[in-house]
Number of protein chains: 2
Amino acid sequence: MEDIFQNIRIDTSSLVDKVESNLIELFVEKNFKVGDAIPKELELAQMLGVSRTVVREAMLRLRLMGLIESKKHRGAVITSPDLVSILEKSMNPKILDENTLKEIFEMRLSLEIGMADFIMARVTPEDIAALKELVASEPGASGQVIFQIEHEIAFHGKLYEITRNETMKKFQRMLLPVFDYVHKSGLLRKHTATKDFVSHQGLVEIIEHGTPEQLRNGMRNHLENHFARLFE
Amino acid sequence: MEDIFQNIRIDTSSLVDKVESNLIELFVEKNFKVGDAIPKELELAQMLGVSRTVVREAMLRLRLMGLIESKKHRGAVITSPDLVSILEKSMNPKILDENTLKEIFEMRLSLEIGMADFIMARVTPEDIAALKELVASEPGASGQVIFQIEHEIAFHGKLYEITRNETMKKFQRMLLPVFDYVHKSGLLRKHTATKDFVSHQGLVEIIEHGTPEQLRNGMRNHLENHFARLFE
DNA sequence: TACCTTTATTATGTCATACATAATACAAAT
DNA sequence: ATTTGTATTATGTATGACATAATAAAGGTA
């Protein structure tokens with residue numbers, strides 16, 4: 001009965017809102033596929049009976065959503081949006097508050113432990129060779145911190161790659177600047193004393209000869225430093 | 001030495017790009033806080049020496065990034081963006097291709113297995129009581145599928161909540177429509193025969209009396225159906 | 001022929017201006 | 001005091017113009 005107020009609610013959406021959905025409809029309807037060029041702004045404006053201003057703004061939204069990609073002065077094409085490229089634009093560590101950064105970090109840890117099954121199911125001999133290569137060229141404990149971090153990133157990046165899951169891989173790449181920031185900002189205190197946790201070398205051995213369960217546990221131990229800091 | 005090519009690379013960013021970062025700088029510099037109103041478009045245009053068109057487009061980006069929120073005809077205010085609300089806008093399952101959906105699904109599985117440590121570290125007696133409550137009210141195997149799925153969501157949602165990680169929790173909430181779509185679209189085939197995997201009941205017992213490692217393994221088993229379908 | 005340079009074309013990027021519209025504040029009226 | 005009208009203001013939308021950069025076409029040189 002109180003719905004009477006809902007029923008008389010008028011359409012508050014702006015013209016751009018409508019054009020935005022109209023454009024999506026149009027693309028779906030005309031069965032545009034990835035890579036197809038879309039009509040130029042002026043044509044779209046005429047087709048929809050609005051000004052180029054509105055079309056431009058609607059298209060900008062689609063671009064930020066990752067639905068289209070436009071090249072300067074040469075038109076736009078349909079693209080397949082993925083979660084992560086959308087996020088990328090907003091991943092400016094300066095505008096995320098500290099707690100969010102910490103939570104993202106926790107998410108990363110969870111992901112790396114939980115992806116063991118995908119690694120074990122999809123790893124190839126070539127991957128293992130590549131991992132061994134990486135481990136062999138690792139700088140020792142006496143090496144410069146910068147290179148250690150670089151290797152850390154390379155090794156874990158390779159693990160993401162082995163999952164053959166592009167979304168996760170991109171997720172990781174996207175987070176790199178965040179972790180960089182986390183490290184530099186001292187958001188997480190310095191390493192606690194390094195005990196004999198599972199090394200990269202150890203992880204590779206598990207991947208070659210072990211089980212998903214072992215890899216999960218190994219990874220958990222490998223990340224012990226981070227957990228210790230989070231839980232301290 | 002090959003850097004010579006990098007050095008002569010000219011600035012390819014558009015005016016809007018620059019204005020976008022200038023605006024962010026401006027807000028940081030002037031120490032604008034959440035809720036503060038920002039100058040009107042015309043003022044910003046004059047301050048930055050560009051047209052209102054450009055300012056509008058840059059502000060639209062900030063809006064889609066979740067940095068500001070603008071009310072019609074009444075100006076814009078600073079807001080605090082979080083990762084997930086940004087994604088939400090683009091999480092239209094219709095515009096994500098099947099493979100991306102599958103990858104997101106895999107990400108979810110990884111996350112739920114990997115978050116065991118956070119659950120065990122932060123679970124409270126109240127949480128356990130709530131979980132038991134949920135399990136007790138579960139519909140039997142003969143119940144309607146809809147209610148089973150609802151309970152599945154409620155139970156796993158509670159687990160995310162126990163991590164006390166808002167980002168993960170929101171991530172999960174955000175993904176619900178996707179999974180809904182995944183189920184309905186038949187992207188994943190129907191359940192394989194249900195063996196004696198770890199039940200919700202079993203998970204609760206582990207959470208109450210077990211270790212993170214046991215929880216990871218229990219969760220892995222609980223999700224066996226999904227893994228089986230992914231790896232088949 | 002093959003390759004380089006110039007020119008022409010074209011769609012987007014940017015600007016300036018004008019007007020419509022909706023949100024608010026304030027005055028006026030009951 | 002509550003309602004209603006009115007003015008103000010910032011944004012929403014439209015229009016037309018020009019600048020610029022990406023390509024294609026044309027032309028010239030070896």
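Reminder, nothing fancy here: chain letters follow the sequence lines and each chain counts from 1. Note that the coordinates shown come from a computational prediction; the quantities given were computed from them, not determined experimentally. Values below: all heavy atoms of this structure, side chains included; hydrogens, waters and symmetry mates excluded.
- The nearest whole Å value for the distance from the CD1 atom in I38(A) to the P atom in dA11(C) is 13 Å.
- If you measure from atom NZ of K40(B) to atom P of dA22(C), you get 21 Å, rounded to the nearest angstrom.
- E161(A) pairs by the side-chain hydrogen bond (donor to acceptor under 3.5 Å, both in side chains) definition with K158(A), not counting sequence neighbours.
- Contact annotation: the side chain of M219(A) approaches that of L159(A) to within less than 4.5 Å [non-hydrogen atoms, C-beta and beyond].
- Note on R56(A): a side-chain N or O is less than 4.0 Å away from OP1 or OP2 of dG13(C).
- When distances run from any side-chain atom of K72(A) to the nucleotides dA14(D), dG13(C), dT14(C), the shortest one goes to dG13(C).
- What separates CG of L15(A) from C1' of dC19(C) is a distance of 15 Å, to the nearest Å.
- Taking atom CG on L42(B) and atom P on dT8(D), their separation rounds to 18 Å, with Å as the unit.
- Annotation: side-chain hydrogen bond (donor to acceptor under 3.5 Å, both in side chains) contacts of E133(A) (sequence neighbours excluded): none.
- With dT15(D), dA22(D), dT24(C) as the candidates, the nucleotide lying closest to the side chain of R74(A) is dA22(D).
- Side chain of R122(B) to main chain of I162(B): no donor-acceptor pair is present (N/O by atom type, distance under 3.5 Å, no hydrogens or angles).
- Atom pair M59(A):CE and dT14(C):P shows a separation of 14 Å (rounding to whole Å applied).
- Regarding K18(B), its NZ atom lies at a distance of 12 Å from the C1' atom of dT14(C), rounded to whole Å.
- The CD atom of E57(A) sits 11 Å away from the C1' atom of dT11(D) (whole-angstrom rounding).
- Out of dA18(C), dT21(C), dT15(D), the shortest distance to the side chain of R52(B) is found at dA18(C).
- In this structure, of dT11(D), dT12(C), dC15(C), it is dT11(D) that holds the atom nearest to the side chain of H73(B).
- Regarding E41(B), its CD atom lies at a distance of 17 Å from the P atom of dT17(C), rounded to whole Å.
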